Protein chains: 2
Amino acid sequence: MDIQLKRGLLDVCVLSAIKNEDSYGYKIIKDMSPYIVMSESTLYTILKRLELGNMLTVRNVEHNGRLRKYYHITKAGLGRIEDFKDEWREVMNIYQFVMKEDKKR
Amino acid sequence: MDIQLKRGLLDVCVLSAIKNEDSYGYKIIKDMSPYIVMSESTLYTILKRLELGNMLTVRNVEHNGRLRKYYHITKAGLGRIEDFKDEWREVMNIYQFVMKEDKKR
DNA sequence: ACATAATACATCGTAACACGAAGTATTCGT
DNA sequence: ACGAATACTTCGTGTTACGATGTATTATGT
């Protein structure tokens with residue numbers, strides 16, 4: 001799938017993936033994989049970006065002697081998802097334009 | 001509107017704008033403006049990219065002593081729009097994931 | 001027993017890309 | 001006469017997704 005088309009969906013996807021329960025990198029990738037494929041380097045970049053934007057908080061947990069970073073969504077993160085829904089209407093508007101021009105002939 | 005969300009739509013929008021009849025930069029921006037706002041620098045960058053990708057051809061026309069570049073869509077350009085429709089299904093799939101996680105509680 | 005896959009996170013460099021800013025030049029409205 | 005509208009161009013910049021590569025442990029298969 002075209003990279004450009006994914007952009008803008010990625011951040012919100014990750015936030016949605018941790019919305020209902022805290023999760024960690026590896027699991028997030030697995031959970032999203034049926035819907036959207038994301039490389040590890042991409043995910044961790046996104047998680048760092050979201051953390052810097054205060055969209056989520058991080059908590060280190062030791063699991064089988066191995067490190068696990070659990071991500072928890074913040075209020076701002078939830079707000080971001082809500083904003084996305086509004087923006088989606090604009091996206092559909094643009095999509096309508098493409099389809100409208102397509103039907104014209 | 002978030003820039004990232006627009007990406008991936010832009011190229012196809014421009015192709016759609018010239019699909020039914022040849023058009024030129026300034027007109028394309030006006031035609032699209034109710035649906036998607038695009039700065040001139042963005043449009044001309046896109047037009048150049050699409051030309052390089054053989055998605056359209058360019059023709060210079062003198063109009064009132066002023067230069068006008070008319071853009072004409074190619075077969076490859078039409079194919080690009082068709083491909084977009086397939087990719088859109090994947091986009092909607094991703095959107096479903098976001099909404100699904102949202103409904104869960 | 002040994003190899004390979006799976007789990008789990010991190011970093012670096014790169015190329016694509018949208019946009020603001022600034023510029024050039026003509027014509028139209030008032 | 002002067003500003004807005006028409007029309008295209010170029011430059012620099014910041015954001016970003018990803019491949020490549022690395023580290024380290026545990027589980028699985030043969």
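Bear in mind that the values here come from a model prediction, so they are computed numbers and not experimental data. Order of the sequence lines sets the chain letters (A, B, ...), proteins ahead of strands, with each chain counted from 1.
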Figure out the [atom1]/[atom2] separation between [X] and [N], and round it to whole Å.
X       : N      : atom1 : atom2 : result
B/Ile28 : D/dT6  : CD1   : P     : 15 Å
A/Glu62 : D/dT25 : CD    : C1'   : 12 Å
B/Tyr24 : D/dT6  : OH    : P     : 9 Å
B/Arg59 : D/dA7  : CZ    : P     : 15 Å
B/Leu67 : D/dC8  : CG    : P     : 7 Å
A/Met1  : D/dC18 : CE    : C1'   : 15 Å

Name the pairs: protein N/O against N/O of nucleotides 21-23 of chain D, kept only if under 3.5 Å.
none

- Message: Using heavy-atom distances to pick each residue's nearest nucleotide on DNA chain D, tell me which of B/Lys30 and A/Ile3 is more 5'.
- Response: B/Lys30

- Query: B/Ser39 and B/Thr42: side-chain donor and acceptor closer than 3.5 Å?
  - Reply: yes

- Query: Do you know the tightest heavy-atom contact between B/Ile28 and B/Ala17?
  - Reply: CG2-CB, 4.0 Å

- Item | Where A/Val98 and B/Cys13 come nearest, the two heavy atoms and their spacing | CG2-SG, 4.0 Å

Measuring only between side-chain heavy atoms, which start at C-beta, is [X] closer than 4.5 Å to [Y]?
X       : Y       : value
B/Lys27 : B/Asp31 : yes
B/Glu51 : B/Leu47 : no
B/His72 : B/Ile18 : no
B/Ile73 : B/Met55 : no
A/Tyr95 : B/Val12 : no

- Message: Suppose clustering is done on Ile, Leu, Val, Met, Phe, Trp and Tyr with side-chain heavy atoms closer than 4.5 Å. Which residues sit in the same group as B/Leu52?
- Response: none

- Task: May I ask you to list the residues sharing a hydrophobic cluster with A/Val61, side-chain cutoff 4.5 Å, ordered by chain and number?
- Result: A/Tyr24, A/Tyr26, A/Tyr70

- Item | Interface limits on DNA chain C, where chain A has a heavy atom under 4.0 Å of a nucleotide atom | C/dA6 to C/dC17

Who are the side-chain hydrogen bond (donor to acceptor under 3.5 Å, both in side chains) partners of [X], not counting sequence neighbours?
X       : result
B/Lys30 : none
A/Asn60 : none
A/Arg7  : B/Gln4
B/Tyr44 : none

- Message: Does B/Lys69 reach a base, just sugar-phosphate, or nothing at all? Heavy atoms under 4.0 Å.
- Response: sugar-phosphate

- Task: Can you sort out which residues in residues 43-57 of chain B have a heavy atom within less than 4.0 Å of DNA chain D? Ascending by number, please.
- Result: B/Tyr44, B/Lys48

- Item | Nucleic acid contacts - residues 89-96 of chain A versus DNA chain D, non-hydrogen atoms under 4.0 Å | none

- Message: Please list all pairs meeting salt bridge (Lys or Arg N to Asp or Glu O under 4.0 Å) that have one or both residues in residues 52-64 of chain A, counting only residues at least two apart or in different chains.
- Response: A/Asp22-A/Arg59

- Looking at D/dA7, D/dG19, D/dT9, which one has an atom nearest to any side-chain atom of B/Tyr26? D/dA7

- Task: Look at the side chain of A/Arg7 and decide which nucleotide, out of D/dA17, D/dT9, D/dC18, has an atom nearest to it.
- Result: D/dA17

- Map A/Asp2 and A/His63 onto DNA chain C by nearest heavy atom, then report which one ends up closer to the 5' terminus. A/His63

- Query: Axis-to-axis angle across the helix from C/dA1-D/dT30 to C/dT30-D/dA1, five pairs an end, to 10 degrees?
  - Reply: 30°

- Query: Do the side chain of B/Glu87 and the main chain of A/Asp2 share a donor and acceptor less than 3.5 angstrom apart?
  - Reply: yes

